[in-house]
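Remarks on the structure that follows.
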Amino acid sequence: MSVLDVKELICGYEPGKPVLKEISFEVDDGEFVGIVGPNGSGKTTLLRTLVGLLKVQHGEILISQHKLEHLSRREIARRIAFVPQLMEPVAGFTVEDLVLLGRTPYLERFSFESEDDYDAANWAIEELKIETLKDRPTTELSGGEFQRVAIARALAQEPQVLLLDEPTSHLDIRFQINICKLLRKLRSHRSIVATFHDLNLAARFCSRLILMKNGEMIADGKPDDVITPENIWKAYRIKVSVKKNLKTQKARYVLLP
Amino acid sequence: MKIKITKAEGKVTVGILLGVLLLAMFLSLFLGSVLMSPSALWHSDILWQIRLPRVILAAFVGLLLALSGVILQGVLRNPLSDPYIVGFSAGAGVGAAISLALGAQFIVFGMSSLPASAFIFSLLSVFVVYKLSQAAGKTSPETLILAGVALSAFCGAILSLIIIISGNLQSIYFWLLGSLSAATWSNVSTVIPYAIVGSVVAYYYSKELNALLLGEEMALTLGVDVEKVRLVLIVTASLLTAAAVSVSGLIGFVGLIIPHWIRLIVGPNHRLLIPISALSGMILMVVTDTIARTVLSPMEIPIGIIMALVGAPFFLYLLRRRRLEGQ
């Protein structure tokens, strides 16, 4: 069943200058969708629109059959969580404090976090394997550690859809793989939509890829079907050949000389 | 540095601070330019008409200023914000001085002319400063301070002009320096409603203030209606400042020092930061006012002078530390 349903979406920062031009796609429960494409193709704009940071100019977004525009901010926050490209640590907050902020859409007025909130935060901390960091100040973490904290915070929102904007772009290859493996595991509980720059990484871990260029989708499907020399030429104007990784059987591109 | 206290410890802290506050207020009643025995004091107007209203007023002004500081620092996402620094107080001062000079008596929305006029001008000044310092959805700390300084200078000039034209030099000037010497029961009853409303509103929005620690966009994705919350909180901080200014003149730095210092001790969680800062502000003002009226007795030092003597170096220290941390 589709969790996220995007219909003929048009949006942008100024009226009359659409960044996204009639985007339509559905995301089913348990999918891990990677959105790829060159700089300026509208990947980040798409994520920001899905989470309600940008106004929809035309078309509609449905989250489990509910129209986004009919939901309050609080109701949206209980269904969709967003991990931005760069989140800043909070001075004086430990990892646990920061993850608990993900419970904001569930908190009652004039009261502290409940047992349920602590349970949800602890569950998110365990899922991301950051138990040992729990009491560390967020200002003292490395980039890879902090990215996992940022994802745990979003997970504590218990969303149906988790959106991530380039979750791997500031990390070394060890943490890139580490984050992708965690995300692949997390999709059993919810749908994940993430943007990537690294096509090979996206092809290896995502269950489906959407290739964008100039605000339009030029390919959508299984990684093997999307990562083809023709598609990459269309999107990036780069000549590549595509091979299969012998062990994983996943498509990966190789630059032609 | 990175001490964090738990909920339970927070509740104990609130209890202890409440005790300290009551003790400070009680002791403060016995101190003053006239030393009297407890029994003579009990039967004297000095206690009932001078010291008691003054001590209570000091406590509530401390609460108003500290709360205003916590709210501003949270909503502007700027740890150097304070009603005095961002030009709130100066704006409120102009409003109050106009009302004093004109001798006008009118009622607006249930507020008497002095706080109403102070409120309108402080709101005006904060929107000017805020708009000036905003760029790409963020307020830059340095621009905020510069805009506040420029606006304060502008308001200072208008104030001087009002003083010269009205010829009521001594009373307005003394009031400008910040003092609780004019405390009366009617002043006390003026500020208490503001203190109650301000405390409730601040605490009501504590989870939104916490979410704002992650930035305005992240707060939005956490379900916070950022624009509405920001408007309500800025108006509230402005009201709190105006109420304080209308009874005690311009007292700076309480709203800066208290939240900053408390944040270092209890962490940035507003559910603890708000009540503990409010109580600490009350204690600080009661103690400082007692010093103000006893240390050079029978002469009295305006409390604003003492706060500036302590607060300005503290502010410079914070600026320096931010530079060293490379923020």
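In what follows, chains are A, B, ... by sequence order, proteins preceding strands, each numbered from 1.
When heavy atoms are compared at a cutoff of 4.5 Å, S111(A) approaches chain B solely by way of its backbone atoms N, CA, C and O. R78(A) does not touch chain B: none of its heavy atoms, backbone or side chain, sits under 4.5 Å away. Contacts between S206(B) and chain A at a heavy-atom distance below 4.5 Å are absent for every atom of the residue. Interface residue E113(A): backbone and side-chain heavy atoms are both found under 4.5 Å from chain B.
Nearest heavy-atom pair across P268(B) and A91(A) is CG-O, 3.4 Å. Residues L98(A) and L214(B) come closest through the heavy atom pair CD1-CD2, 3.9 Å.
Distance CZ/F82(A) to CG/L220(B): 11.5 Å, rounded to 0.5 Å. Taken to the nearest 0.5 Å, the CD atom of E217(B) stands 13.0 Å off from the CE atom of M87(A). A distance of 7.0 Å separates OH in Y204(B) from CZ in F110(A), rounded to the nearest 0.5 Å. Atom CD of E208(B) is separated from atom CG of L107(A) by 9.0 Å, given to the nearest 0.5 angstrom.
Most heavy-atom pairs under 4.5 Å with chain A: of the set L213(B), D225(B), V200(B), this distinction falls to L213(B). The most heavy-atom pairs under 4.5 Å with chain A, out of T221(B), L222(B), V224(B), come from L222(B). Most heavy-atom pairs under 4.5 Å with chain B, from the set A154(A), P105(A), P89(A): that is P105(A).
Remark: W261(B) pairs with no residue by the ring pair (Phe, Tyr, Trp, His ring centres under 6.0 Å) rule, at least two apart or across chains. Residues meeting the side-chain hydrogen bond (donor to acceptor under 3.5 Å, both in side chains) test with D5(A), sequence neighbours left out: none. Partners of F88(B) by ring pair (Phe, Tyr, Trp, His ring centres under 6.0 Å), not counting sequence neighbours: none found.
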Applying side chain to side chain contact (heavy atoms under 4.5 Å, CB included) to R153(A) and M218(B), what does each step give before you reach the verdict? CA-CA 11 Å; R153(A) 187 213 47 81; M218(B) 287 317 292; 3.0 Å; yes
Side chain to side chain contact (heavy atoms under 4.5 Å, CB included) for F112(A) and L272(B)? Distances and angles first, verdict last. CA-CA 10 Å; F112(A) 282 89; L272(B) 294 171; 4.0 Å; yes
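Shown here is E131(A), whose CD atom has more than 12 heavy atoms of other residues, nucleotides or ligands within 6.0 Å.
Using a 4.5 Å heavy-atom cutoff, the side chains of R109(A) and Y205(B) are in contact.
Proximity to chain B among residues 47-70 of chain A is limited to R48(A), V51(A), L53(A), judged by heavy-atom separations below 4.5 angstrom.
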